[in-house]
Amino acid sequence: MDEQAKRTPSDGVTEVVSVEDIDWDVDTDVLVAGGGGTGLVAALAASEDPETRVTVLEKAPHCGGNTSLSTGMIPAAGTRLQREAGIEETPADMAQDILEKNDHQADEERVAYLCEESANLVHWLVDDWDVTLHLVDDFKYPKHSEYRMHAPEGRNGENLVAELVERVEETPNIELLTNAPVTKLVAEDGAVRGVVAGRTHDEAIEAKKVVLATDGFAGNREMVTEYCEEDIERALYFGSDGNTGDGVRFGAELGGELACMDAYQGHATVASQTGMLSTYAVVMNGGILVNEAGERFGNESSGYSEFAIDVLKQPGGQAVQLFDERIFRKLQGSFDDFDEAVEHGTYHSADSVDELATRLGADGERAAETVAAYNEAATAGEPDEVGRVDGTHPLEAPFYGTKVTGSLFHTQGGLVVDEHARVLRTDGTVVTNLYAGGGTACGISGHGAGGYLSGNGLTTALGYGRLAGIHARESLE
């Protein structure tokens, strides 16, 4: 176990109560705490035996969590959608990209298994539950060696969540309740027996299996300060309000092992003036970032998570994102996030880099020189001044841009789980009847921000959600 993770986040706070102190109000077979991507997928997987009663409790007024704030893109290797596009890829290829990104700091066995299951996940969603997904084959996020992103309409997580919620609500043996936070686990001799939930009054729900799908702790400033690097503490938080570490604390009090608690996903290009996400597809199609001096300050294609820290280290924690009309037109109508940012007046345009950069608070003359140097390298197909070769393309007038800042999206550390998403103790034994996925579970990004490969979040959210639901259903007594 990581030295850092030995500091149990539930110290001094009781998150688990004894069954001896509980009078049950209702009962269910599988109780899912959280209605984001992990919880909704877990519920669908658990419900496939019509005799299995499934209850989903979401503490927010609406389902979705961080999945609804994402692009909804699910990485998967070896899918028929890839084959139809002429792409032959193995799960090992996908696993290699993930592990190379995190310097092999993640659990290689878990990475390999999630990658092996990724095609099954996509086919199950599309074929069994009629969820809309298409292969993204017009750009790649940093460090992806192949087109493997499977996206919902508009490349928008809200659309994915809407379809999942619709499927849940159409399934007779699933009950979905919102404004219903799980506040405690109920245990007997270390085995989970149910939960206590409710916002205005407590209700004790007996359950044969409990899935913790409450996401991570990025919305809990105290936990972020305790576990994550100093620079991200002051970043804009851009995740779901409900990510307060509930599930992590629940599992830890029952002896669940914690790992990679310093891991998180940042993002380098949240627009400072409107608070809208400026999709990183802008960068990967040829856009660049400069600081107020009009200078590049790092290789943008290294990854949007770690580049968030580079942005935060610039004066005022700000940078200027520069691109051109070619990129603007290419992204319009393809990304809901981009269209929404445009509607909110996020982007400015001008016929010269000098004019545009000056308007956005940067040294215009120097920015123009920077773009000229970038264009020269891109035209020649050579590494530019920061060593970038991925996604480069000469920028031409008219130019577009916006002022951006680094942000914190979600954490990637949490409870260690097995191949069935069952929570494990430090001695390798299973916490009986308890599962975890998504941000509640230890992710596959290793440590810090640099190990995050785009899609890692949904790989563990939907991947572990499905595996948890299947095992919970199949292991019911």
Side-chain angles (χ1 to χ4, degrees), residues 15-16 27-49 52-58 65 67 107 109-110 113-114 117 120-121 124 164 168 174 176 182 184-188 190-195 197 205-216 245-259 412-426 428-444 457-477:
E15 310 287 357
V16 180
D27 67 280
T28 189
D29 293 321
V30 179
L31 188 290
V32 180
T38 305
L40 295 170
V41 166
L44 292 174
S47 75
E48 292 187 306
D49 178 351
T52 299
R53 296 169 300 154
V54 182
T55 302
V56 182
L57 303 181
E58 166 56 46
T67 300
D107 185 316
E109 186 177 340
R110 295 290 168 268
Y113 189 68
L114 286 169
E117 285 292 320
N120 292 334
L121 169 65
W124 176 78
L164 292 174
V168 165
I174 302 178
L176 171 61
V182 171
K184 295 183 187 300
L185 290 184
V186 181
E188 180 180 25
V192 173
R193 299 301 182 197
V195 304
I205 306 171
E206 186 177 16
K208 296 175 181 177
K209 306 290 178 181
V210 173
V211 180
L212 296 176
T214 60
D215 218 308
D246 304 347
V248 175
R249 297 193 305 273
F250 295 161
E253 187 166 339
L254 278 173
E257 181 178 1
L258 301 176
Q412 285 278 292
L415 297 164
V416 176
V417 299
D418 68 6
E419 70 274 16
H420 304 299
R422 296 180 297 181
V423 175
L424 299 177
R425 295 188 175 90
T426 55
T429 60
V430 171
V431 179
T432 305
N433 301 327
L434 187 64
Y435 303 79
T440 308
C442 176
I444 53 175
L458 286 186
T459 295
T460 56
L462 307 190
Y464 279 141
R466 176 174 170 268
L467 294 170
I470 290 172
H471 191 272
R473 165 173 49 82
E474 292 181 345
S475 62
L476 288 172
E477 298 176 357

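It should be emphasised that the depicted structure is a prediction, and the values quoted were computed from it without experimental measurement.
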query = Just by distance, do the side chain of E15 and the backbone of R249 share a donor-acceptor pair under 3.5 Å?
reply = no

inquiry  = Does any part of the side chain of L40, heavy atoms only, come nearer than 4.5 Å to the side chain of V32, both counted from C-beta?
reply    = no

query = Do any N or O atoms from the side chain of T432 and from the backbone of A191 form a donor-acceptor pair under 3.5 angstrom?
reply = no

query = Once you round to the nearest 0.5 Å, how far does CD1 of I470 lie from NE2 of H420?
reply = 10.0 Å

query = Rounded to the nearest 0.5 Å, how far apart are CG of L121 and CG of L114?
reply = 9.5 Å

inquiry  = What I'd like to find out is whether the side chain of V211 reaches to under 4.5 Å of the side chain of V30, using heavy atoms alone.
reply    = yes

task = Just do the side chain to side chain contact (heavy atoms under 4.5 Å, CB included) check on T426 and E257 with the steps written out, would you?
result = CA-CA 5 Å; T426 55; E257 181 178 1; 3.9 Å; yes

key: Any donor-acceptor N/O pair, R466 side chain to A45 backbone, under 3.5 Å   = no

remark   = Correct closest heavy-atom pair for L462 and T38 would be CD2-N, 4.3 Å

request  = Using the salt bridge (Lys or Arg N to Asp or Glu O under 4.0 Å) rule, pick out the option among R473, K209, R53 that qualifies with D29.
outcome  = R53

Where A421 and A468 come nearest, the two heavy atoms and their spacing = CB-CB, 3.8 Å

request  = Quick one: closest heavy-atom pair of A436 and V417, and the distance?
outcome  = O-CG1, 3.7 Å

task = Please confirm whether the backbone N or O of A33 pairs with a side-chain atom of T214, one donor and one acceptor, at under 3.5 Å?
result = no

Spatial distance of atom OG1 (T459) from atom CD1 (I444) [nearest 0.5 Å] = 5.0 Å

ask   = Hey, is the main chain of H471 close enough, under 3.5 Å, to the side chain of S475 for a donor-acceptor pair?
value = yes

inquiry  = Can you give me the closest heavy-atom contact between A197 and I205, atom names plus distance?
reply    = CB-CD1, 4.5 Å

key: From V430, T440, L434, residue fulfilling side chain to side chain contact (heavy atoms under 4.5 Å, CB included) relative to V423   = L434

message = Tell me if a side-chain donor or acceptor on R110 pairs with a main-chain N or O of G443 at a distance below 3.5 Å.
response = no

task = Quick one: do L415 and L258 satisfy side chain to side chain contact (heavy atoms under 4.5 Å, CB included)? Show the steps, please.
result = CA-CA 5 Å; L415 297 164; L258 301 176; 3.6 Å; yes

task = In sequence, state the C-alpha distance, the side-chain angles, and the governing distance for L212 and V248, and then conclude on side chain to side chain contact (heavy atoms under 4.5 Å, CB included).
result = CA-CA 8 Å; L212 296 176; V248 175; over 6 Å; no

query = Looking at side-chain heavy atoms only, is the closest gap between V168 and L44 below 4.5 Å?
reply = yes

request  = Assess whether side chain to side chain contact (heavy atoms under 4.5 Å, CB included) is satisfied between F250 and V192, documenting all intermediate values.
outcome  = CA-CA 11 Å; F250 295 161; V192 173; over 6 Å; no

request  = List the atom of L31, the atom of A207, and the distance in Å for their closest heavy-atom pair.
outcome  = CB-CB, 3.6 Å

ask   = Which pair of non-hydrogen atoms, one from N433 and one from R193, has the smallest distance, and what is that distance?
value = ND2-NH1, 3.3 Å

query = Mind checking what makes ring pair (Phe, Tyr, Trp, His ring centres under 6.0 Å) contact with Y464, not counting sequence neighbours?
reply = none

